[in-house]
There are 2 protein chains.
Amino acid sequence: MSEQSTRTVERALSLLATVCEKGSTSLSDASRAVDLAPSTALRLLRTLEASGFVRREDEGRYRAGPRLMQLGAQALGHESLIDVCHDEMVGLEQATGESVYLSVEGHAASALYISIVEGSHSVRHSNWVGRTIPLAGSAAGLVLRGETPDSGYVIVERGIERDVTAVASPVTAAGRIVAVISILVPSYRMDEQSAQQCGVLLAAAARRLSSGLTDGTAL
Amino acid sequence: MSEQSTRTVERALSLLATVCEKGSTSLSDASRAVDLAPSTALRLLRTLEASGFVRREDEGRYRAGPRLMQLGAQALGHESLIDVCHDEMVGLEQATGESVYLSVEGHAASALYISIVEGSHSVRHSNWVGRTIPLAGSAAGLVLRGETPDSGYVIVERGIERDVTAVASPVTAAGRIVAVISILVPSYRMDEQSAQQCGVLLAAAARRLSSGLTDGTAL
DNA sequence: AATACACTTGCCACCCAGTGAAAAGCTAGC
DNA sequence: GCTAGCTTTTCACTGGGTGGCAAGTGTATT
């Protein structure tokens with residue numbers, strides 16, 4: 001093996017990922033997506049199925065399985081971050097009416113959205129939970145890289161999406177950045193001044209959360 | 001192979017599961033838990049780490065990784081059940097003050113809690129999201145097995161936990177049971193009459209959800 | 001009906017990838 | 001310094017994973 005990593009497991013995990021990302025896949029789709037012989041893909045998918053990581057529907061298509069949901073839910077729950085941050089996020093939503101996200105550093109230079117409090121505007125940014133975005137060019141990415149200015153928040157207009165403005169602040173525990181809270185707003189609704197206001201609110205909420213996490217009050 | 005299933009992948013998945021379940025594990029703990037040579041466990045965990053399914057902390061301990069959270073969140077989200085059911089669950093919580101759960105059938109004859117709206121009582125049943133319970137002897141289990149009486153709800157006193165009473169109703173889509181909503185209450189607070197009331201409320205909510213899912217309104 | 005195409009599945013010989021014992025580092029405690 | 005326990009590397013062995021092939025099934029096209 002070239003980089004001391006088990007090929008078989010890598011393949012199985014790739015299959016798991018594609019099945020999840022496509023929502024529902026046939027064997028041949030999956031095998032083509034990861035460039036494997038159908039017979040091999042079948043064997044691996046069966047193994048995943050036997051462990052409950054994927055589930056097979058009546059028509060033979062594969063979907064994400066209950067075991068994956070269980071472990072995912074546990075993992076998200078363990079990061080009790082979601083619970084800890086929930087109230088502050090609700091507060092921000094109420095103050096701004098916009099969608100408030102919580103994200104953490106993901107795999108391979110990405111940010112992963114793990115929680116949302118949806119905004120109350122009818123036109124709003126909705127449901128990116130589970131998605132990843134590149135660190136480069138995103139407000140969350142700047143914050144995760146520790147490039148937050150002294151103001152305590154980052155504003156990015158038209159970063160990942162052309163019509164969205166993002167404001168983000170770091171949540172720290174014992175000095176380390178552990179998460180990002182951010183507000184995503186349709187750009188047309190956001191001018192310089194309201195962005196600053198959002199930033200101030202965000203930074204304040206983030207500071208409260210950070211001190212709670214650092215001294216253990218929140219846990 | 002005895003049952004046409006790849007041993008290597010099975011082992012890797014077992015490792016992944018134990019890491020998640022223990023929250024944080026050392027290499028030797030994990031290798032002992034799944035009965036593998038440390039060197040083998042190390043290699044597999046590195047593969048999992050390279051794919052982001054586990055993450056290694058500074059001190060060398062393993063935790064659930066971002067990729068797992070991502071896929072888990074996607075899987076849970078795909079089952080947009082959580083979104084669809086959320087409002088009704090909030091309504092039930094407001095009517096009763098108790099914790100309301102949403103669960104689906106899990107792996108190996110179990111029910112998996114995937115969502116909660118926490119009750120407002122200070123003594124309440126809190127946060128079983130991510131846990132599984134056996135179908136046998138639980139209200140959710142009875143419902144998932146299709147053993148709901150004509151009343152439309154099941155009441156189980158002291159099923160899984162000695163001091164908890166559970167009331168559960170089935171959520172169906174196109175005639176098939178796809179989920180269970182349930183209310184879990186500390187038994188001392190629940191008498192026969194209030195349990196019946198809960199049941200009626202639950203059954204009504206479940207019926208509304210089911211019809212919405214069946215005719216596509218909810219999606 | 002007959003043909004063609006695509007997908008799923010079982011089979012099995014080949015051989016390389018996965019394995020685990022052993023040994024070497026690495027820390028922490030006595 | 002010595003011991004105990006954990007992590008990590010190395011390496012020879014071999015059995016588990018692989019994928020080509022063909023049979024079986026399903027669904028468009030002529």
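Residue numbers begin at 1 in each chain, while the letters A, B, ... track the order of the sequences.
Between the side chains of A:Arg61 and A:Ser24, at least one donor-acceptor pair of N or O atoms lies under 3.5 Å. Of the N and O atoms on the side chains of B:Thr8 and A:Thr8, not one donor lies less than 3.5 Å from an acceptor on the other residue.
As a whole-Å value, the separation of A:Leu45 CG from C:dG10 P is 14 Å. Atom P of nucleotide C:dG18 and atom CZ of B:Arg11 are separated by 12 Å, given to the nearest angstrom. Rounded to whole Å, the distance from CD on A:Glu57 to C1' on C:dC7 is 17 Å. Taking atom CZ on B:Arg7 and atom P on C:dA17, their separation rounds to 16 Å, with Å as the unit. Distance CZ (A:Arg43) to P (C:dT8): 16 Å, rounded to an integer number of Å. Rounded to whole Å, the distance from CD on A:Glu49 to C1' on C:dT9 is 14 Å. Look at CG on B:Asp35: it is 14 Å from C1' on C:dT19, rounded to the nearest Å. Rounded to an integer number of Å, the gap from CD of B:Glu10 to C1' of C:dT19 is 16 Å.
If you find the closest nucleotide of DNA chain C to A:Val9 and to A:Arg32, the one lying nearer the 5' end belongs to A:Arg32.
Of the charged side-chain nitrogens involved, at least one lies within less than 4.0 Å of a carboxylate oxygen, so that B:Arg67 and A:Glu21 count as a salt-bridged pair. Contact check on A:Arg55 versus A:Glu49 returns no salt bridge, with no Lys/Arg side-chain nitrogen under 4.0 Å from an Asp/Glu carboxylate oxygen. Ion pairing of B:Arg32 with B:Asp29 is present here, as a side-chain N (NZ or NE/NH1/NH2) and a carboxylate O approach within less than 4.0 Å.
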Using nucleotides 7-9 of chain D, report all nitrogen or oxygen pairs with the protein that are shorter than 3.5 Å.
{"residue": "D:dT7", "atom": "OP1", "partner": "B:Leu27", "partner atom": "N", "Å": "3.2"}
{"residue": "D:dT7", "atom": "OP2", "partner": "B:Ser28", "partner atom": "N", "Å": "2.6"}
{"residue": "D:dT7", "atom": "OP2", "partner": "B:Ser28", "partner atom": "OG", "Å": "3.0"}
{"residue": "D:dT8", "atom": "OP1", "partner": "B:Arg56", "partner atom": "NH1", "Å": "3.3"}
{"residue": "D:dT8", "atom": "OP2", "partner": "B:Arg56", "partner atom": "NH1", "Å": "3.1"}
{"residue": "D:dT8", "atom": "OP2", "partner": "B:Arg56", "partner atom": "NH2", "Å": "3.0"}
{"residue": "D:dT9", "atom": "OP2", "partner": "B:Arg46", "partner atom": "NH1", "Å": "2.8"}
{"residue": "D:dT9", "atom": "OP2", "partner": "B:Arg46", "partner atom": "NH2", "Å": "2.7"}

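If you check every strand for non-hydrogen atoms under 4.0 Å, A:Arg61 touches nothing.
Atoms SG and CG, on A:Cys20 and A:Leu68 in that order, are 4.5 Å from each other to the nearest 0.5 Å. Atom CG of A:Leu184 sits about 7.5 Å away from atom OG of A:Ser99, to the nearest 0.5 Å.
Considering only the side chain of A:Thr8, C:dG18 comes nearest among C:dT19, D:dG19, C:dG18.
The phosphate of C:dT19 (OP1 or OP2) has no side-chain N or O of B:Thr40 nearer than 4.0 angstrom.
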